[in-house]
**Student:** 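Below: one structure in structure tokens.
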Amino acid sequence: MTSYLALTSEQVKKAVAAVKKSKPVYAEILDFYGGVFDAQEDCKGHIDLEPLQLSEDLQTAKARGKLPLIEIEAFIYDEAESANLFLNLCHLASGANPKLSAAAEIILNAVGTTLKPAVLFTGLLSGNEALFENMANELEIEKPVIGFFTYNSLKPSLCACADQLAVYLDQEEPWLQGYCPICGNAPILSLLEDEGRRKLVCSFCWHLWPAKRVHCPYCDSSRNKDLHYFYSEDEEDTRVDVCDNCKKYIKTVDTRKVARLIYPALEQITTLHLDIKAQEMGFEPGIRLFMQV
Ligand SMILES: [Zn+2]
Ligand SMILES: [Zn+2]
């Protein structure tokens, strides 16, 4: 287990409080996200999932082919707890910024009549974008907002599935690919550790896996001439790795330089200024950002 990570609700709360202090510009946004993280951590303690099992043959075949263990559709979730979290997140958003708050009100009114969270959950896991499109048109709110509430309600179950499945990964041979060994999604963040080790964080199931130090996870380039990074002023602990080959970027937190514990979703939210900078420089994020509204 990685010692620099915030794992308990209490540790997550402390990490949020520390960032509010060190980056006051994010204090307001963290009033909302702090509540989201709390609700998700609380949900984690209540979810009840059937064990996910993979046969030995399948494990061997997956490892040999460098294939992720499961497809997104195969993730399971606690329907009652996720639906409960969906309502909690909407209530939390009612007190957030006007745009989110108005959308949350509309969604809350629609739950129980036209909108069933379980339908959204299935839609997200089966990649049914049309469902989100139709729902957004019907309710006259933006599609990413519905995606945000849906994804974040499923997230505790997704993380629990990833934790369960991690036991099936080959412990001897590091994965070293630019996509998640559990679910195949692209990384949202990278973390530098002691002795030059680097890990990538999955944008979907939040699993951490070892990565090559000099490598673009999005196009697989390891050429020094393609790969550069920049820091923002006064912020030594986070940098942006950019790739001239595919024009994508990933934010990298240097865990050795951060005094507080790291909660990857918190790092993602409180480095949005680096996303803006990277995009101004002509680079694109390597993933579709569920978390950004
Ligand atoms: Zn994953
Ligand atoms: Zn690249």
Side-chain angles (χ1 to χ4, degrees), residues 1-2 5 40 44 47 49 52 54 58-59 62-63 65-77 82 121 124-127 147 150-171 174-191 198-230 239-252 263-265 267-268 274-275 278-279 281-291:
M1 196 50 75
T2 326
L5 290 176
Q40 288 174 326
K44 259 189 201 167
I47 47 179
L49 296 174
L52 277 163
L54 296 183
L58 192 60
Q59 283 172 59
K62 297 272 186 185
K66 289 287 176 203
L67 295 170
L69 293 179
I70 61 169
E71 305 278 323
I72 287 183
E73 257 179 304
F75 273 88
I76 53 171
Y77 59 96
S82 301
F121 299 152
L124 188 139
L125 293 179
S126 59
T150 308
Y151 172 74
N152 278 289
S153 308
L154 285 173
K155 192 178 159 193
S157 290
L158 304 177
C159 295
C161 288
D163 287 349
Q164 273 194 29
L165 288 166
V167 298
Y168 291 113
L169 295 172
D170 190 336
Q171 306 301 326
W175 177 252
L176 300 180
Q177 306 296 316
Y179 49 92
C180 174
I182 303 273
C183 73
N185 276 286
I188 193 165
L189 211 62
S190 109
L191 304 172
R198 183 185 184 198
K199 284 212 169 81
L200 294 171
V201 182
C202 178
S203 58
F204 188 74
C205 74
W206 297 82
H207 176 71
L208 265 61
W209 73 95
K212 294 176 211 158
R213 191 175 169 102
V214 181
H215 178 235
C216 169
Y218 304 120
C219 72
D220 213 24
S221 172
S222 292
R223 290 183 298 252
N224 280 315
K225 71 173 184 57
D226 292 337
L227 305 168
H228 312 280
Y229 58 81
F230 69 85
R239 72 184 202 199
V240 181
D241 285 275
V242 300
C243 173
D244 283 333
N245 185 46
C246 66
K247 289 286 168 196
K248 301 226 162 99
Y249 71 90
I250 187 162
K251 295 180 291 187
T252 298
Y263 188 59
E267 304 302 326
Q268 161 61 14
L274 296 175
D275 290 278
Q279 289 168 30
M281 290 165 69
F283 295 96
E284 288 174 15
I287 49 150
R288 272 173 62 188
L289 296 169
F290 280 107
M291 302 283 285

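Note that ligands are numbered from 1 as they come in the structure, with each ligand's atoms numbered from 1 the same way. As the structure is a computational prediction, the values presented were derived from the model and not from experiment.
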**Student:** Within the distance-only criterion (no hydrogens, no angle test), does the side chain of Ser203 pair as donor or acceptor with the backbone N or O of Ala186 below 3.5 angstrom?
**Tutor:** yes

**Student:** Flag Cys205 as yes if one of its N/O/S atoms falls below 2.8 Å of the Zn ion (ligand 1), otherwise no.
**Tutor:** yes

**Student:** Would you say the side-chain atoms of Tyr151 pair up with the backbone N or O of Phe204, donor to acceptor, closer than 3.5 Å?
**Tutor:** yes

**Student:** Using the rule given for side-chain contact (heavy atoms from CB on, under 4.5 Å), can you reason through Tyr249 versus Asp275, listing the C-alpha separation, both sets of side-chain angles and the distance that settles it, and then say yes or no?
**Tutor:** CA-CA 9 Å; Tyr249 71 90; Asp275 290 278; 2.6 Å; yes

**Student:** Roughly, to 10 degrees, what angle do Cys216 atom SG and Cys219 atom SG form around the Zn ion (ligand 2)?
**Tutor:** 110°

**Student:** Quick check on Gln59: does its CD atom have over 12 non-hydrogen neighbours (other residues, nucleotides or ligands) under 6.0 Å away?
**Tutor:** yes

**Student:** What does the angle at the Zn ion (ligand 1) come to, between atom SG of Cys202 and atom SG of Cys180, rounded to 10°?
**Tutor:** 110°

